[in-house]
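Everything below concerns the one structure shown next.
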2 protein chains.
Amino acid sequence: MATARPDGPPSGPPAPELPTPPGRRPRKAAPPRQPLTQDAVIETALRVLDAEGLEAVTMRRVAQELGTGPASLYAHVSGKDELRELMLDRVAAEIRLPFPDPARWQEQLKGLAREIRRVYTSHRDIAMVSMGLVPTGPHLLDVAEAQLALMRAGGVPKKIAGMAVDTLGMFLDADAIEGTVYYAKAPAGEDPHAFFEEYFGQFKEYFSALPADRYPVLTGMVEELTDPDDDGRFEFGLDLLVRGIASYVEDEERPG
Amino acid sequence: MATARPDGPPSGPPAPELPTPPGRRPRKAAPPRQPLTQDAVIETALRVLDAEGLEAVTMRRVAQELGTGPASLYAHVSGKDELRELMLDRVAAEIRLPFPDPARWQEQLKGLAREIRRVYTSHRDIAMVSMGLVPTGPHLLDVAEAQLALMRAGGVPKKIAGMAVDTLGMFLDADAIEGTVYYAKAPAGEDPHAFFEEYFGQFKEYFSALPADRYPVLTGMVEELTDPDDDGRFEFGLDLLVRGIASYVEDEERPG
DNA sequence: ACCTGAACACCGTTCAAGT
DNA sequence: ACCTGAACACCGTTCAAGT
């Protein structure tokens, strides 16, 4: 995708620039097309993320991609941690939020969870950043607000809703990480789907070969434990959580 | 804890060793007391983990602690990833497992979850290693076997139990990470409890200052969202999951 | 078989110096 | 105010060489 930045003048329309006269040395490298901004840093970091995963997003790599040195980034971002949080918030902006319909709050909450999963997993292992992080970015807060609005509209008490966003968030982060960590391990250049298939097959073989006297239950359900149906597992956990949350709904609104 | 390794002979009982004669140079450093083994590598890595967290566990650091160079570790461990998995399995060995009592399976499953949480959180952010990892170590498999045995004893169908270990595992990993990530951020040397307190207070302040027109629900429940009761949140999620799993129990065993 | 020194190709962050 | 080169103090892993 990225093309090499030529040192000389572009070969398009006649350039006003003259060749540097002898004795005066040219600037070391062509300056970046557009001045460095926080947005440009975040966008570049996301491009690296999507192409090669979170591990590849280093200060040096992002700087290189922008045609500068790593020290230049520190004028726009306080460090690597902040850059990662800014990346996550930018990703969270892609999540489409529902308008609460109190009658359908459970289905809407599930739908929102599926949407979060879709967006997260479409950006490699970005969910790793979310794990154990208090959401503070504007878009991350929009998502939390939407979840809380759905639950409150459905009559879930404040205290329960407060704990439930947390539990739901943990579930979504863990699921997205689980789903991307295998792919992250795939050697670059190799077909990730084929790699995944073989990777999974190896585990099935391993579990089957386990000693049945030490693991009597486990060895009796290898088929169930190596089911590659990601979506089914996600729906199972999501249903558990939403049903559990719904069990706390106070059917009658506070009297008075 | 660790004391400096003196270059000269020990000052205890008379040593059989003579001083190195002039012209013959002594070995660069005293050899490690005990020959390198995989166990020694794992134990040293765990000491570094407990003292300074997972991030401090580097090949070079572990090697240094053992009085050797990083290359020496590769005879006993295939790399950093394997070392981390071996550390996790060693930690899993500390988890005390219940003997299944079918009548009390739900309470036993909760008890086991609490025990896993206790052991994980007592080893800093070790749970990060577990996240997204298929358990293959013997002790990790013991823990999975115990969970499955409890559920099967309680009448949970195989397919449900297979998905439930996964969901429960995700929950436990995410919770343990959530609980340790703040502490990991505490600057070394500072009282982590005081740091935690202040850290949390800042978030409460931040949430309170949020614009109420964009975040009407969220700003109306700042108190509920910044409740520092970790144990309460854990019990809430655990109860949701176990109740959900129990809802799939087939009351009558298969007829015939 | 095990261990080692040295090297390779990287990291995040700081800082004095420039414009 | 923004950007830079250079340096500092690190990484994981490989490999030829030693014992």
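In what follows, chains carry the letters A, B, and so on, assigned in the order in which the sequence lines appear, proteins first and then strands, with residues in each chain numbered from 1.
- For Leu36(B), whose side chain is taken as the heavy atoms from C-beta onward, the closest listed nucleotide among dT13(C), dG12(D), dC3(C) is dC3(C).
- Residue Leu73(A) contributes atom CG, which lies 14 Å from atom C1' of dC11(C) at whole-angstrom precision.
- Summarising the geometry, the separation between CD on Glu55(A) and P on dC10(C) is reported as 13 Å, rounded to the nearest angstrom.
- In this structure, the nucleotide among dT14(C), dG12(D), dC3(C) sitting nearest to the side chain of Ala71(A) is dT14(C).
- Judged by distance alone, the side chain of Glu52(B) and the main-chain N or O of Val48(B) form no donor-acceptor pair under 3.5 Å.
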With a cut-off of 3.5 Å and sequence neighbours excluded, list every side-chain donor-acceptor pair involving residues 127-141 of chain A.
{"from": "Ser130(A)", "atom 1": "OG", "to": "Asp173(A)", "atom 2": "OD1", "distance (Å)": "3.0"}
{"from": "Ser130(A)", "atom 1": "OG", "to": "Asp173(A)", "atom 2": "OD2", "distance (Å)": "3.0"}
{"from": "His139(A)", "atom 1": "ND1", "to": "Asp89(A)", "atom 2": "OD2", "distance (Å)": "3.1"}

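- Base engagement by Ser72(A) is indicated by at least one non-hydrogen atom pair under 4.0 Å involving a base atom.
- Between dA9(D) and dC10(C), the distance separating the two P atoms is 22 Å to the nearest Å.
- Between the C1' atom of dC11(C) and the CG atom of Asp81(A) lies a distance of 14 Å, rounded to the nearest Å.
- Spacing between atom CG of Leu83(A) and atom C1' of dG12(C) amounts to 12 Å, rounded to whole angstrom units.
- The nearest whole Å value for the distance from the CG atom in Leu54(A) to the P atom in dC11(C) is 13 Å.
- Arg61(B) has its CZ atom 14 Å from the C1' atom of dA9(D), to the nearest Å.
- Protein atom NZ of Lys80(A) is 11 Å distant from nucleotide atom C1' of dC11(D), rounded to whole Å.
- Remark: His76(B) is in phosphate contact with dC3(C), judged by side-chain N or O atoms under 4.0 Å from OP1 or OP2.
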Problem - Dot-bracket encoding of pairs in DNA chain C, which uses [ ] for pseudoknotted crossings and | for another strand, Watson-Crick or G-U under 3.5 angstrom - result: ||.|||||...|||||.||

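- Of the listed nucleotides (dG12(D), dC11(C), dT14(C)), dG12(D) has the atom at the smallest distance from the side chain of Tyr74(B).
- Looking at the side chain of Met59(B), the nearest of the listed nucleotides dC3(C), dT13(D), dC11(C) is dT13(D).
- Atoms CG and CG, from Leu225(B) and Asp166(A) in turn, are 8.5 Å apart once rounded to the nearest 0.5 Å.
- Checked by atom type and distance alone, the side chain of Arg124(A) pairs as donor or acceptor with a backbone atom of Ala51(A) at under 3.5 Å.
- Counting non-hydrogen atoms of neighbouring residues, nucleotides and ligands closer than 6.0 angstrom, the CD atom of Gln202(B) exceeds 12 such neighbours.
- Residues Tyr215(A) and Phe207(A) place their aromatic rings such that the two centres sit no closer than 6.0 Å.
- With dC11(C), dC3(C), dC11(D) as the choices, the nucleotide that has an atom nearest any side-chain atom of Arg60(B) turns out to be dC11(D).
- No side-chain donor-acceptor contact under 3.5 Å links Arg47(A) to the backbone of Ile42(A).
- The phosphate of dC3(C) has neither OP1 nor OP2 within less than 4.0 Å of any side-chain N or O from Thr68(B).
- Atom CD of Gln64(B) and atom P of dT4(C) are 14 Å apart (whole Å).
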